[in-house]
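Heads up: the structure comes next, in structure tokens.
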There are 2 protein chains.
Amino acid sequence: MKTTKTSAARQYPCDKCPLQEFPHFQRHIKEEISFLTDFKTGELVADAGTTVLVEGANSAHLFTVLSGWGFRYKTLEDGRRQILNYVLPGDLIGLQGSVMREMQHSIEALSPMILCVFQRDKLANLFRNYPELAYDITWIASREEQMLDEILLSVGRRTALERAAYLFAFVFQRAKSVGMVRSNKLMVPLTQQHVADTLGLSIVHTNKTLKKLAARNALRWLDRGCEILEEDVLLDISGWQGLPGTLRPYI
Amino acid sequence: MKTTKTSAARQYPCDKCPLQEFPHFQRHIKEEISFLTDFKTGELVADAGTTVLVEGANSAHLFTVLSGWGFRYKTLEDGRRQILNYVLPGDLIGLQGSVMREMQHSIEALSPMILCVFQRDKLANLFRNYPELAYDITWIASREEQMLDEILLSVGRRTALERAAYLFAFVFQRAKSVGMVRSNKLMVPLTQQHVADTLGLSIVHTNKTLKKLAARNALRWLDRGCEILEEDVLLDISGWQGLPGTLRPYI
DNA sequence: CGCCTACTTGATTTGCATCAACGCCGGTGG
DNA sequence: CCACCGGCGTTGATGCAAATCAAGTAGGCG
């Protein structure tokens, strides 16, 4: 397990935050941007495979993902792993560690990631002086809960095929909202082991389930990664309604 | 499905909130109590079986549970149901409906419940003037996410027996923290169907799994309900560490 | 009393895990 | 250059855990 982190110079001042490009995000007003400029303490570049946040640690940081893919997971003592959710640009990570006393899950990068770093001890100041931003944080936490609810429904009650279809439809829609989908196709940098650990299945059965999706032309499996091709087929198989189209805040 | 709600007179002024009895909760300062007195618009008594909040609805309310048991759940179109979590005294429910545009899950009472009712449109005011309370709400949302993470790990990666043991240990510890456990025993008003829908198993297999737990004297199954007897055995079987003992806020 | 709901139990089927073997790369080092 | 990895995906065989099917019991209630 790589744990190296490389600090880089600050490339993205908050008034030129790459996230504001995407129409799905709410814009910040000027005062908020100047506060955030102070709240932000730097940027972090993580290589693929890096563990960005570790379960049990009491991290002093809070991050917003600026680019790249990652995933949140927990493990049992004997090594069984459950991937809880994926993290994409615009997602806030490490809130549990900031608000409660320690993180109960880990986060690992699936691709090179750029993270915007915030200092935890300035969070109280944010709540005191920028209630709209505080509200946004609560909004973001509620959204995470909503995603988890649907994922739990999926793992608990959908069949293996429905589950896999839901996962890829979900990832596809999320990626689309942050401009990662071009010409209606998307490359996701996953191994089948990641998929298995997300769906609660074994690798072998995951492999067979993925072949069924590939047979329906919903996706194509490539060397350590998959290309999502037909969102409609995935939505149809999973019976999932899709994500609401509302604007969302980011920090 | 019962949906009747019975409004009752206000029996619990905020300065005599029954929740402050429990040492697990953080106390409020006087100004907060006077604000909360205004924020609270009444109380709601729900009978067992009542649907307190419905998926898809845009409820104008937010609730804190004062007493009783309930559960949060989602269903698929064909009726498959997944119970996401249980709600106990001190839990805040309906936050998703308040903060985002609509609820994506339903909540049903397992026993008679008394709920403290808050007006959603006063929430912005809370964030503006009581940053500590706003922080508490974020804390509560983070805690819900943390519980969901563990539940998802359980459903995705634990065996049927481990899963069931975890569920009862979890419910036991939560109930203990709000004074519902007497002489180290606890009655939970559940049917085996509820347990099945929580664990992602069929009723029949749930029944057989519960018998194994009963054979180990971890619990006893009664008519529509179960009595949890041996927390240690449950913790042992599940391999679960237990809940952190930290103080927690409530609204 | 009879019906309904919840729980039990055994027989059977099936989905999924496990195990094992193999092919395909990309990387490394002689 | 080739030989030798190790990681990843694919496949088939086998066994087990859990779903499904099918009765049957016991208590609660009109």
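The shown structure was predicted, so the numbers you read here are calculated from the model rather than taken from an experiment. Letters go in sequence order (proteins before strands), and every chain restarts at 1. Values reported hereafter were calculated over all heavy atoms of this structure, with side chains retained and with hydrogens, waters and symmetry mates removed.
- For the residue pair A/Y86 and A/T198, a side-chain donor N or O sits within less than 3.5 Å of a side-chain acceptor on the partner.
- Residues A/H194 and A/R81 have side chains in contact (heavy-atom distance under 4.5 Å, counting atoms from C-beta outward).
- Contact of the A/L186 side chain with the A/K176 side chain is not registered, since no non-hydrogen atoms from C-beta on lie closer than 4.5 Å.
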Where protein sits on nucleotides 9-16 of chain C, one letter per nucleotide: B base, S sugar-phosphate only, - none, heavy atoms under 4.0 Å
BBB----S
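- For DNA chain C, the residues of residues 185-193 of chain B within the heavy-atom distance limit of 4.0 Å (strictly under) are B/T191, B/Q192, sorted by number.
- Under a cutoff of 6.0 Å and an axis angle of 45°, A/R158 and A/Y166 form a cation-pi pair.
- Counting only heavy atoms from C-beta outward, the side chains of A/V178 and A/F25 approach each other to under 4.5 Å.
- Remark: the backbone N or O of A/F170 is not paired with any side-chain donor or acceptor of A/Q173 at under 3.5 angstrom.
- The CD1 atom of B/I203 sits 12 Å away from the C1' atom of C/dT8 (whole-angstrom rounding).
- Note that OG1 of B/T191 is 8.0 Å distant from CG of B/D197, once rounded to the nearest 0.5 Å.
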Please list every donor-acceptor pair under 3.5 Å in which a side-chain atom of residues 212-220 of chain B meets a protein atom from a residue at least two apart or in another chain.
{"unit_1": "B/R220", "atom_1": "NE", "unit_2": "B/E227", "atom_2": "OE1", "d": "3.3"}
{"unit_1": "B/R220", "atom_1": "NH2", "unit_2": "B/E227", "atom_2": "OE1", "d": "2.3"}

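- Listed for the A/E55 side chain is no donor-acceptor partner under 3.5 Å among the backbone atoms of A/K74.
- A side-chain donor-acceptor contact under 3.5 Å links A/D78 to the backbone of A/R80.
- Checking side-chain atoms of A/R163 against main-chain N and O of A/L201 turns up no donor-acceptor pair under 3.5 Å.
- Proximity of B/L235 to B/F168: side-chain heavy atoms (C-beta onward) are nowhere separated by under 4.5 Å.
- Side-chain contact check for A/E145 and B/Q104: no donor-acceptor pair (N or O, by modelled atom type) lies under 3.5 Å.
- A donor-acceptor contact shorter than 3.5 Å is absent between the side chain of B/S154 and the backbone of B/E150.
- A donor-acceptor pair is defined here as one N or O able to donate and one able to accept, closer than 3.5 Å; no such pair exists between the side chain of A/R72 and the backbone of A/N85.
- A rotation axis mapping the C1' atoms of four pairs onto the next four is fitted at both ends of the helix from C/dC1-D/dG30 to C/dG30-D/dC1 over five pairs, and the angle between these axes is 20° to 10 degrees.
- With a cutoff of under 4.0 Å to any heavy atom of chain A, the contacted region of DNA chain D is bounded 5' to 3' by D/dC8 to D/dA13.
- Between the CG atom of B/L210 and the P atom of C/dC7 there is a distance of 9 Å, given to the nearest Å.
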Assign a letter to each nucleotide of nucleotides 21-28 of chain C from its 5' end: B, base within under 4.0 Å of a protein heavy atom; S, sugar-phosphate only; -, no contact.
--------
